[in-house]
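Input: a single structure, listed below in structure tokens.
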Amino acid sequence: MTSRRPIFSLGSINADFHVRVDRRPEPGETLIGRDFRALGGGKAANVALLAMRLGHPAHLFGRVGNDALAEQALAPLRLAGVDLSGVSPVDGCATAVSMISVPPDGDKGIVLAPNANDRWDEDGIAALEANIAGAPEGAVLVLDCEVPAEVAARAAAAAGRRRLTRVLDPSPAERVDDALLAEADFVLPNSAEAEALTGIAIDDAASGARAARRLIDRGAGAACVKLPGGGSVLAERGRLSLVRAPQVDVTDTTGAGDAFAGAFAVALAEGRDPVEAVRFATAAASHVVTGYGSQPAYPDREDVERLLAGVQAEPLDPPD
Ligand code: RIB
């Protein structure tokens, strides 16, 4: 049944520590925060959790430490029913940690200690490739780059051999090269990542379109560049589309990009057209930014459907 096609999610699994602040701290200052929360997080973990919320089986691949932080990261995923058989503990290493501060405008700042996320060995990579080779027909692989570049590259190549659809979150952008872009059926950069990858500053739909096309020229199958003011530009070969985000009150942007990637993958797994998949992903991400913390703010299908009517898509003329 197409609606139950699984999502394979490879990348970071983090213990998130959130705090609200009234402003960003000055150098050397100790700023008092509030509303402390210790949560599960990490890009791949967030994607997997969202896929489950939207009714798809999710398989997570990554590394945690052999420590108490691993439970903080994994407990919500286990509760949601994410398949964690592809997650291994690394002895003598801490689970990845994100220190997240959220100012009143919701535009969070994150300090990430990658720790176990970067600790893969050859046996682990080979096991990952074998898992992907055995993936069911129609599964979608979502991968971020908060794992070593070789892990992402080999997973993407294995998924290509298995003919899975591959969705790349190119974060951090410095780990993305043309070979990885060429393995991506869809790449979903935010505006900063798009600028880092293409050298084009993104300030409107036209610059977003130029960057998205540049990513296709560099090898990606299609590119969806998120715009700084909300919404995104999707470039496919022969088609450009602008998707506008609905107006919402922003509380915290943490994890919105992961929700976008997860919902986009779910929509593709359900056979939706890429523009419809971007609309669906935009609705999911728009819901997430209204709540504090990433995973606790993740939507179910009803939440997404409620916002979807307010997400408009239109064809875009090619930029000069
Ligand atoms: O993309 C957001 C996620 O990555 C958060 O859950 C946090 O772990 C950050 O590093």
Side-chain angles (χ1 to χ4, degrees), residues 7 9-21 35-53 58 60-65 67 69-77 80 82 87 94-103 106-118 142-148 152 167-176 187-194 196 224 226 232 250-265 281-282 284-299:
I7 306 302
S9 184
L10 164 68
S12 57
I13 304 169
N14 304 343
D16 285 1
F17 293 93
H18 279 253
V19 67
R20 280 192 213 257
V21 291
D35 293 342
F36 172 74
R37 301 265 195 290
L39 299 171
K43 292 177 180 305
N46 292 345
V47 164
L49 186 90
L50 184 71
M52 292 299 306
R53 287 258 167 94
L60 180 61
F61 299 91
R63 294 290 177 264
V64 290
D67 58 7
L69 293 169
E71 201 43 30
Q72 178 179 326
L74 297 179
L77 305 172
V82 174
V87 177
T95 299
V97 170
S98 282
M99 310 297 294
I100 304 172
S101 58
V102 184
D107 193 8
K108 88 290 180 184
I110 300 181
V111 177
L112 167 67
N115 302 339
N117 286 333
D118 275 342
V142 182
L143 64 156
D144 64 68
C145 299
E146 289 186 348
V147 290
V167 175
L168 173 65
D169 175 351
S171 174
E174 60 267 24
R175 287 189 177 175
V176 178
V187 59
L188 313 177
N190 63 27
S191 53
E193 291 152 0
C224 179
K226 293 162 210 158
S232 57
V250 177
T251 297
D252 179 2
T253 57
T254 312
D258 312 333
F260 188 100
F264 183 75
T282 303
S286 299
H287 179 90
V288 173
V289 301
T290 63
Y292 180 52
S294 49
Q295 293 183 3
Y298 271 23

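As the structure lists them, so they are numbered: ligands from 1, and atoms in each ligand from 1.
A distance-only check finds a donor-acceptor pair linking the side chain of Thr251 to the backbone of Thr290 [under 3.5 Å]. A donor-acceptor contact shorter than 3.5 Å links the side chain of Gln72 to the backbone of Leu39.
Paired with Ser12 under the rule side-chain hydrogen bond (donor to acceptor under 3.5 Å, both in side chains), one option of Glu146, Lys43, Arg63 passes, and it is Glu146.
Side-chain contact check for Asp252 and Thr254: at least one donor-acceptor pair (N or O, by modelled atom type) lies under 3.5 Å. Between Asp67 and Thr95, the side chains place a donor N or O and an acceptor N or O closer than 3.5 Å (distance only, hydrogens not considered).
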Would you mind writing out a table of all protein N or O atoms found under 3.5 Å from any N or O atom of ligand 1, naming both atoms and giving the distance to 0.1 Å?
unit_1, atom_1, unit_2, atom_2, d
ligand 1, 1 (O), Lys43, NZ, 3.1
ligand 1, 1 (O), Asp258, OD1, 3.3
ligand 1, 1 (O), Asp258, OD2, 2.7
ligand 1, 6 (O), Asp16, OD2, 2.6
ligand 1, 6 (O), Gly42, N, 3.0
ligand 1, 6 (O), Asn46, ND2, 3.1
ligand 1, 8 (O), Asn14, ND2, 2.8
ligand 1, 8 (O), Asp16, OD1, 2.6
ligand 1, 8 (O), Asp16, OD2, 3.4
ligand 1, 8 (O), Gly42, N, 3.1
ligand 1, 8 (O), Ser98, OG, 3.1
ligand 1, 10 (O), Asn14, ND2, 3.3
ligand 1, 10 (O), Ser98, OG, 2.7

Donor-acceptor pairs under 3.5 Å, side chain of residues 13-21 to any protein atom, not counting sequence neighbours: which ones?
unit_1, atom_1, unit_2, atom_2, d
Asn14, OD1, Asn117, ND2, 2.9
Asn14, ND2, Ser98, OG, 3.4
Arg20, NE, Asp35, OD2, 2.7

